[in-house]
*Asks:* 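Just passing along the structure, written as structure tokens.
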Amino acid sequence: MPELPEVEVVRRGVQRWAAGRRIESVQIHDVRSLRRFAEGPEAFIAQLTGQVLSVPQRRGKFLWIPLQSQSNALMIHLGMSGQVLIEHDDAPEEKHLKVTLQLSEAHDDDGAALPSQLRFIDQRIFGGMQLSELRSDPGHSGLVRSGASVSPDLVRSGPELPGSARLIPAAAAHIGPDPLEPVVDAEWFFRALRRRRTGLKRALLDQTLISGVGNIYADEALWAARLHYARRSETITRAEAARLLEGLVQVMEAALAAGGTSFDALYVNVNGASGYFDRSLHAYDQAGRECTRCAAKQATDELDARRSPGVIVREKFMGRSSYLCPVCQPTPRNGRW
DNA sequence: AGATAGTCCTGTGGGC
DNA sequence: TGCCCACAGGACTATC
């Protein structure tokens, strides 16, 4: 399930392999992947063909590639099962191949031909591609902290200069900043949560409040911060908000360093390799396992000997699974529901 | 404005 | 073996 770190892995891959290259042709294998593009598949092909891909950008789980000399961008959302692969023309067609962009030829330093197809693959079709006008970002917050270095040999238009107004596709203008953007600090997060009257996990998953957090990292961050998913956002303390944000940033940066989270072949980077962050999960999908923090406390005799270490449980919340340690993340009391 | 339900999808796996 | 159904979830819309 691609969340922010996985999308960032894809963004870096697209930057490395496709930025600066021209789109020679476009092939739509399944129009359902263009469902969100109101102008239709013919307009999609017409507007994209001949355009040059600029440096890919990302906010939360939304990825977009500005088109050089154009005021719009190719927007990509991976949804539940989307993949972007850069492959050679003769690679066999994937079962769930949806869109193929044929790119202009390019060569590496040794003169070997780079793969020339950018393929969008999506099994469940919750993701998709569209074209969207770029506008100045109302929630402009500067550069993405985790922004990768640019390869000048491949990219003709450089990254945005610090302090320049950031542009964002209209179709993604409604989402909030993500945890890796500099504007999101402990005080900002505290105030954002306090403004809402809802449960913490609901707030984390609300992309208009903070973007990029999905079910996996929400559970991991709540576990890291020792907070229950139903804790009321309007009663959060500064210390709790700071813990939760720290949990989010740490789990996302660790996942990014590991190349993303993958449970199966649904998520891979642009070269087809899976990340391995799933080995590092503490809560999500860990039902029945002893809580690692409780176990560590017990090992150092910090835990009351009469209490047994927590076992991760799965609960239904918001129509989806939530995993938590009942010992570390107790049900809220004192009217703080 | 917050919460909920419905929609879009397909592969998987449990139950019978 | 094979059929059916529940389940998985991100974003968006409609409705209360």
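Each chain gets a letter, A, B and so on, in the order the sequences are listed, and its residues count up from 1.
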*Asks:* Is A:R314 near enough to C:dA8 that one of its side-chain N or O atoms lies under 4.0 angstrom from OP1 or OP2?
*Replies:*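 It does, given that an N or O in the side chain of A:R314 lies less than 4.0 Å from OP1 or OP2 of C:dA8.
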*Asks:* With a 4.0 Å cutoff (strictly under), does any side-chain N or O of A:T198 reach OP1 or OP2 of B:dA1?
*Replies:*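 Indeed not, no polar side-chain atom of A:T198 lies that close.
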*Asks:* Out of the candidates A:Y217, A:W223, A:Y323, only one should pair with A:Y284 under the ring-ring contact (aromatic ring centres under 6.0 Å, His included) rule; please name it.
*Replies:*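 The single option meeting the ring-ring contact (aromatic ring centres under 6.0 Å, His included) with A:Y284 is A:Y323.
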*Asks:* Under 4.0 Å from OP1 or OP2 of B:dC9: is there any side-chain N or O of A:H96 that close?
*Replies:*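 False: A:H96 side-chain N/O out of range (4.0 Å or more) of B:dC9 OP1/OP2.
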*Asks:* In whole Å, I'd like the distance from the CZ atom of A:F317 to the P atom of B:dA5.
*Replies:*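 One finds 13 Å between P of B:dA5 and CZ of A:F317, rounded.
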*Asks:* Please give, in whole Å, the distance from B:dT7 P to A:R35 CZ?
*Replies:*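 Interatomic distance, CZ of A:R35 to P of B:dT7: 14 Å.
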*Asks:* Would you check if A:F126 stacks with the base of B:dC8, given a 5.5 Å centroid limit and a 30° plane limit, both strict?
*Replies:*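 Yes; by the centre-distance and plane-angle rule, A:F126 counts as stacking on B:dC8.
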*Asks:* Please tell me if A:H77 has a side-chain N or O lying less than 4.0 Å from either OP1 or OP2 of C:dA11.
*Replies:*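 So the side chain of A:H77 is within the cut-off, an N or O lying under 4.0 Å from OP1 or OP2 of C:dA11.
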*Asks:* To the nearest Å, how far apart are A:M129 CE and C:dA11 C1'?
*Replies:*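 Between C1' of C:dA11 and CE of A:M129: 18 Å.
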*Asks:* To the nearest Å, how far apart are A:R32 CZ and B:dC8 P?
*Replies:*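 Computing the A:R32:CZ to B:dC8:P distance gives 11 Å.
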*Asks:* Taking OP1 and OP2 of B:dT4, is either one under 4.0 Å from a side-chain nitrogen or oxygen of A:R202?
*Replies:*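 For B:dT4, OP1/OP2 do have a side-chain N/O of A:R202 under 4.0 Å.
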*Asks:* Please state how far atom CZ in A:F62 lies from atom C1' in C:dA11, giving the value in whole angstrom units.
*Replies:*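 After rounding, the reported distance stands at 7 Å.
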*Asks:* Rounding to an integer number of Å, can you tell me how far A:D122 CG sits from C:dA11 P?
*Replies:*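 Value for this atom pair: 13 Å.
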*Asks:* Just say parallel, tilted or perpendicular for the rings of A:Y229 and A:F317, cut-offs at 30° and 60°.
*Replies:*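 A:Y229 vs A:F317 ring planes: tilted.
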*Asks:* Could you check whether any side-chain heavy atom of A:Q27 comes within less than 4.5 Å of a side-chain heavy atom of A:V99, counting everything from C-beta outward?
*Replies:*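 Not touching, per the 4.5 Å side-chain cut-off.
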*Asks:* Tell me whether the side-chain N/O atoms of A:Y284 come closer than 4.0 Å to OP1 or OP2 in C:dA8.
*Replies:*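 Negative; the distance criterion is not met.
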*Asks:* Identify whether any heavy atom of A:K95 sits under 4.0 Å from a base atom; if not, whether one sits that close to sugar-phosphate; answer base, sugar-phosphate or nothing.
*Replies:*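 Answer is sugar-phosphate: A:K95 comes under 4.0 Å of backbone atoms only.
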*Asks:* Do A:I76 and A:V84 come within less than 4.5 Å of each other through their side chains, counting heavy atoms only?
*Replies:*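 Yes, at least one pair of side-chain atoms sits under 4.5 Å.
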*Asks:* Decide if atom CZ of A:R289 counts as having more than 12 heavy atoms of other residues, nucleotides or ligands within a radius under 6.0 Å.
*Replies:*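 Not buried by this count: 12 neighbours or fewer within 6.0 Å.
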*Asks:* Calculate the interatomic distance between A:D285 atom CG and B:dT12 atom P; express it in whole Å.
*Replies:*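 From A:D285 CG to B:dT12 P: 16 Å.
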*Asks:* A:S321 side chain N/O closer than 4.0 Å to the phosphate oxygens (OP1, OP2) of C:dC7?
*Replies:*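 So the side-chain polar atoms of A:S321 never come under 4.0 Å of the phosphate oxygens OP1 or OP2 of C:dC7.
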*Asks:* Using only side-chain N and O atoms of A:Q123, determine if any of them is under 4.0 Å from OP1 or OP2 of B:dG11.
*Replies:*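 So the side-chain polar atoms of A:Q123 never come under 4.0 Å of the phosphate oxygens OP1 or OP2 of B:dG11.
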*Asks:* Taking the nucleotide of DNA chain B with the closest heavy atom to each, which residue, A:K98 or A:D206, is nearer the 5' end?
*Replies:*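 The residue closer to the strand's 5' end, by nearest nucleotide, is A:D206.
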*Asks:* Using whole Å, report how far NZ of A:K201 lies from C1' of C:dG9.
*Replies:*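 Taking NZ of A:K201 and C1' of C:dG9, I get 11 Å after rounding.
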